[in-house]
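Beneath this line is the structure, given in structure tokens, with notes to follow.
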2 protein chains.
Amino acid sequence: MKILVVEDEKGLAESIVDYLTKEGFICEVANTFWQADEKVSLYQYDCTIVDLTLPDGEGFGIIQTLKKIAATTGIIIISARNTLEDKIKGLEIGSDDYMTKPFHLSELNARVKSLIRRRNFGGNNDMAWREIRVQLQARKVFVGEKETLLSRKEYDLLLYFLSNIDVALTKESIAEHLWGDHMDSADSLDMVYSHIKNLRRKILEKGGRDYIQSIYGIGYKFAAS
Amino acid sequence: MKILVVEDEKGLAESIVDYLTKEGFICEVANTFWQADEKVSLYQYDCTIVDLTLPDGEGFGIIQTLKKIAATTGIIIISARNTLEDKIKGLEIGSDDYMTKPFHLSELNARVKSLIRRRNFGGNNDMAWREIRVQLQARKVFVGEKETLLSRKEYDLLLYFLSNIDVALTKESIAEHLWGDHMDSADSLDMVYSHIKNLRRKILEKGGRDYIQSIYGIGYKFAAS
DNA sequence: GGAAACATTTGGGAATTCAGAAGAAAAGTC
DNA sequence: GACTTTTCTTCTGAATTCCCAAATGTTTCC
């Protein structure tokens with residue numbers, strides 16, 4: 001899961017990233033609205049956290065822009081202003097949640113998780129395809145009737161596949177999804193191989209079929225036969 | 001997909017080419033604006049990456065020239081200058097995107113892909129003609145109801161044919177499309193024969209008709225009877 | 001018929017992927 | 001904090017796939 005943090009205070013941005021990274025999210029930071037705009041149009045994020053009080057622009061405008069560019073991104077506003085009008089306006093305009101400074105990181109974390117659950121998977125909290133089934137809120141993965149325990153990377157990888165059934169994914173886009181954009185393309189290939197291998201093994205061990213197809217020179221595809 | 005990199009710093013040019021080549025693009029380099037001019041007027045590129053700060057000329061002029069010569073080419077400017085005016089001017093003049101040095105190669109890659117996606121209208125569409133059908137997203141090729149597995153070159157070749165139905169393609173333009181212009185013209189012809197043959201075989205094997213017509217002395221044409 | 005162009009076959013070699021294991025890092029436990 | 005356990009990363013060599021080049025056979029054109 002990838003999160004974009006739009007915040008100009010370096011200290012705050014850093015502590016948010018620290019916290020959320022430890023929670024298993026891939027985090028990236030934009031210091032200005034302009035940067036945020038660019039990043040959102042280039043990459044996909046599961047959630048965007050926006051501080052409304054940045055120096056370089058009118059706050060509410062950017063929310064609408066973000067919405068337009070990437071309709072799939074959930075948005076959480078953080079703001080120093082605590083007026084009810086602002087809150088309502090924020091929600092009306094398209095943000096999904098609203099927090100006022102100061103706040104506890106643990107609360108932000110909880111809201112992010114709740115938001116991602118809500119957005120990506122509507123009311124039903126499972127993803128399923130063939131005999132593979134994932135309970136998102138419980139973070140459990142089943143192969144047929146048997147549960148298999150996946151590590152964080154394996155879990156993220158499986159979810160990435162499940163939300164891209166029958167689509168050819170390049171090794172690079174997989175790497176980018178699992179580690180963010182700070183990775184050297186060359187270095188990350190071995191890691192991708194490794195995690196693919198582990199995921200395959202764990203699914204096979206539970207009696208599942210190997211749906212991860214290798215595409216020579218390209219990457220992988222999750223598909224039936 | 002072919003990309004032209006206009007950059008005089010050998011090191012930077014090389015690392016860009018390395019990275020994008022691994023991503024599956026065909027890359028060529030021009031060290032000067034003059035060279036770039038020539039190349040663009042001779043060949044077709046899906047995207048041109050231009051460093052504005054080359055020694056041999058006024059930067060913005062070349063963008064307009066490129067646009068005029070090859071309106072179909074997407075243009076990404078890279079520049080050391082970070083002023084807003086430059087950025088705006090660049091976009092006004094007809095570039096599609098703007099990056100400031102230094103940048104991550106992964107970001108450049110993302111921008112190239114996003115640009116190509118934009119230009120090709122979504123890119124998620126299928127291509128089909130007679131009983132040949134290609135699902136671009138899944139990178140699947142069907143002949144009638146049967147799927148056939150193509151290697152990278154074969155796949156590229158088929159796509160080239162499908163986007164040039166009923167058009168006579170010279171062997172040279174095919175070679176140039178598959179390998180770029182760093183090929184010895186003589187050597188590459190045999191390779192073209194080879195890949196043509198493999199593509200033919202794979203389509204015939206699945207019960208398809210042979211739509212690749214040889215035109216003696218010229219090249220090939222993808223057409224019905 | 002002869003020369004040029006095209007087609008097919010083959011094998012070496014490069015690039016890519018895989019499997020196993022060991023080392024490094026992180027997380028959990030007492 | 002020191003220990004164990006898990007996860008992540010890196011490394012090695014083997015296996016696979018594909019690309020290319022050369023040799024040979026076939027067709028087309030004049």
Side-chain angles (χ1 to χ4, degrees), chain A residues 18-26 139 141 148-158 168-172 174-175 177-180 182-205 210 212-221, chain B residues 17-19 21-26 139 141 148-158 168-180 182-205 210-222:
Chain A
D18 273 7
Y19 196 102
L20 293 179
T21 303
K22 286 203 175 113
E23 289 289 321
F25 293 104
I26 314 290
R139 207 190 163 285
V141 177
T148 181
L149 300 171
L150 299 187
S151 75
R152 193 143 65 194
K153 295 288 182 208
E154 289 154 12
Y155 183 78
D156 284 353
L157 182 57
L158 177 61
L169 302 172
T170 65
K171 299 176 295 293
E172 288 76 12
I174 291 173
H177 185 83
L178 290 179
W179 290 279
H182 321 292
M183 275 285 141
D184 213 352
S185 168
D187 293 348
S188 53
L189 293 189
D190 275 348
M191 301 194 288
V192 173
Y193 293 146
S194 217
H195 291 291
I196 290 273
K197 179 191 58 184
N198 292 332
L199 180 57
R200 271 179 171 151
R201 178 172 49 75
K202 288 195 178 178
I203 291 177
L204 286 173
E205 271 174 1
D210 180 15
I212 303 177
Q213 300 176 10
S214 310
I215 310 173
Y216 189 94
I218 306 289
Y220 298 90
K221 182 170 66 178
Chain B
V17 168
D18 272 8
Y19 196 102
T21 303
K22 283 195 181 125
E23 290 286 325
F25 294 105
I26 314 286
R139 206 185 170 286
V141 178
T148 181
L149 301 171
L150 300 187
S151 77
R152 203 160 23 179
K153 295 290 181 203
E154 289 154 12
Y155 184 79
D156 286 352
L157 182 57
L158 176 60
L169 302 172
T170 65
K171 298 177 296 293
E172 287 77 11
S173 82
I174 291 172
E176 201 256 313
H177 186 262
L178 290 179
W179 291 280
H182 29 70
M183 275 280 140
D184 228 345
S185 172
D187 290 350
S188 53
L189 294 190
D190 274 351
M191 302 194 292
V192 172
Y193 296 146
S194 219
H195 290 292
I196 291 274
K197 187 213 67 180
N198 291 332
L199 181 57
R200 271 177 169 151
R201 177 173 51 75
K202 288 196 179 178
I203 290 177
L204 287 173
E205 270 175 1
D210 181 15
Y211 295 117
I212 304 177
Q213 300 175 10
S214 310
I215 310 172
Y216 191 91
I218 307 292
Y220 298 91
K221 182 170 71 174
F222 204 80

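Not measured: the values here are computed from a predicted model. A note on names: the letters A, B, ... follow the listed sequences, proteins ahead of strands, and every chain is numbered from 1.
- Rounded to whole Å, atom C1' of D:dC8 lies 13 Å from atom CD1 of A:Ile26.
- To the nearest 0.5 angstrom, B:Tyr220 atom OH is 7.0 Å from B:Ile174 atom CD1.
- Considering all non-hydrogen atoms of both residues, B:Leu178 and B:Leu157 come closest at CD2-N, 3.9 Å.
- Looking at B:Arg200, its side chain never comes within 3.5 Å of a backbone N or O of B:Asp210 through a donor-acceptor pair.
- For the pair A:Ser151 and D:dT6, the criterion of a side-chain N or O lying under 4.0 Å from OP1 or OP2 is not met.
- Under the 3.5 Å distance criterion, the side-chain polar atoms of B:Lys221 are left unmatched by any main-chain donor or acceptor of B:Ser214.
- Residue A:Tyr155 is classed as having no contact, given no heavy-atom separation below 4.0 Å to the nucleic acid.
- Judged by distance alone, the side chain of B:Thr21 and the main-chain N or O of B:Val17 form a donor-acceptor pair under 3.5 Å.
- Taking the six-membered ring where the residue is Trp, A:His195 and A:Trp179 present tilted rings, their angle falling between 30° and 60°.
- Remark: P of D:dC19 and CG of B:Leu150 are 10 Å apart, rounded to the nearest angstrom.
- One interatomic measurement links the two molecules: NZ of A:Lys153 to P of D:dT10, which rounds to 12 Å at whole-angstrom precision.
- Boundaries of the chain B contact region on DNA chain C are C:dA4 to C:dT9, first to last in 5' to 3' order (nucleotide atom under 4.0 Å from a heavy atom).
- Contact annotation: B:Trp179 reaches the phosphate of D:dC20 (side-chain N/O to OP1 or OP2, under 4.0 Å).
- B:Leu149 comes within 4.0 angstrom of no nucleic acid atom, judged by non-hydrogen atoms across all strands.
- For the helix from C:dG1-D:dC30 to C:dC30-D:dG1, the end axes, each set by the C1' atoms of five terminal pairs, are bent relative to each other by 30° (nearest 10°).
- The residue among A:His195 and B:His195 whose nearest nucleotide of DNA chain D is located toward the 5' end is A:His195.
- D:dC20 atom P lies 10 Å from atom CZ of B:Arg152, rounded to whole Å.
- Where B:Tyr193 and B:Arg201 meet DNA chain C, the nucleotide closest to each residue was compared, and B:Tyr193 sits on the side nearer the 5' end.
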Review item, nucleotides 28-30 of chain D N/O atoms under 3.5 Å of protein N/O:
from, atom 1, to, atom 2, distance (Å)
D:dT28, O2, B:Tyr216, OH, 3.2

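- To the nearest 0.5 Å, the span separating CG on B:Leu158 from NZ on B:Lys202 amounts to 11.5 Å.
- The residue among A:Gly219 and B:Asn198 whose nearest nucleotide of DNA chain C is located toward the 5' end is B:Asn198.
- Counting any heavy atom pair closer than 4.0 Å across all strands shown, A:Ile215 reaches sugar-phosphate atoms only and no base atom.
- Looking at B:Tyr211 and B:Ile203, their side chains never come closer than 4.5 Å, going by heavy atoms from C-beta outward.
- Of all the heavy atoms in B:Ile215 and B:Ala168, the pair that sits closest is CD1-CB, 3.6 Å.
- A donor N or O paired with an acceptor N or O is found under 3.5 Å between the base of D:dT10 and the side-chain atoms of A:Ser194.
- At a threshold of 4.5 Å between non-hydrogen side-chain atoms, the residues A:Arg201 and A:Asn198 count as touching.
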